[in-house]
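Numbering of ligands and ligand atoms starts at 1, following listing order. All values below were derived from every heavy atom in this structure, side-chain atoms included, with hydrogens, water molecules and symmetry-related copies excluded.
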Amino acid sequence: MKKEMHCESCLMPIKTRDDLITVWAFFKVRPYHRACYANSLKGAATLFVSNQPINGFSGNFTAFVAFILAWIPLFTDVTWGLTVVCVLIVLMRLYSFIRFEKQLPL
Ligand SMILES: [Zn+2]
């Protein structure tokens, strides 16, 4: 049995993966409708929200770049802090996929 997923903005269930936007906000990955993301997150919450969707093209691209950058300290003098930050970004992308996106039909 699948747990219903509710939008953090309007509290209505999110039905399809296409309608889902996951965002890192208040130290948690949160699900929103595409429309609710566009409407509410551009408003007052902006101060506390990164406003960058984790899923979708930009999120995939960011995770891909982070995955590549994570290897740089292995071969250069660049600080290992880069690897730590990049691995966190990739893990957050995976978490969003497993926790939210995978649960919804396409
Ligand atoms: Zn909503």
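Scanning all heavy atoms of the two residues, the minimum distance from Pro13 to His33 falls at O-NE2, 3.2 Å.
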Could you pull out all donor-acceptor pairs under 3.5 Å where a side-chain atom in residues 67-77 meets a protein atom, sequence neighbours excluded?
from, atom 1, to, atom 2, distance (Å)
Trp71, NE1, Phe67, O, 3.2
Thr76, OG1, Ile72, O, 3.0
Thr76, OG1, Val78, N, 3.2

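Hydrophobic clustering, defined by side-chain heavy atoms of Ile, Leu, Val, Met, Phe, Trp and Tyr closer than 4.5 Å, leaves Met12 isolated from every other such residue.
Two residues are said to be in side-chain contact when any heavy atoms from C-beta on lie closer than 4.5 Å; Asn55 and Arg93 meet this criterion.
Protein N/O/S atoms found under 2.8 Å from the Zn ion (ligand 1), listed by chain and residue number: Cys7 SG, Cys10 SG, His33 ND1, Cys36 SG.
Rounding to the nearest 0.5 angstrom, the gap separating the CG atom in Leu104 from the OG1 atom in Thr16 is 7.0 Å.
Listed by chain and residue number, nothing satisfies the side-chain hydrogen bond (donor to acceptor under 3.5 Å, both in side chains) test with Asp18 (two or more places apart in sequence, or in another chain).
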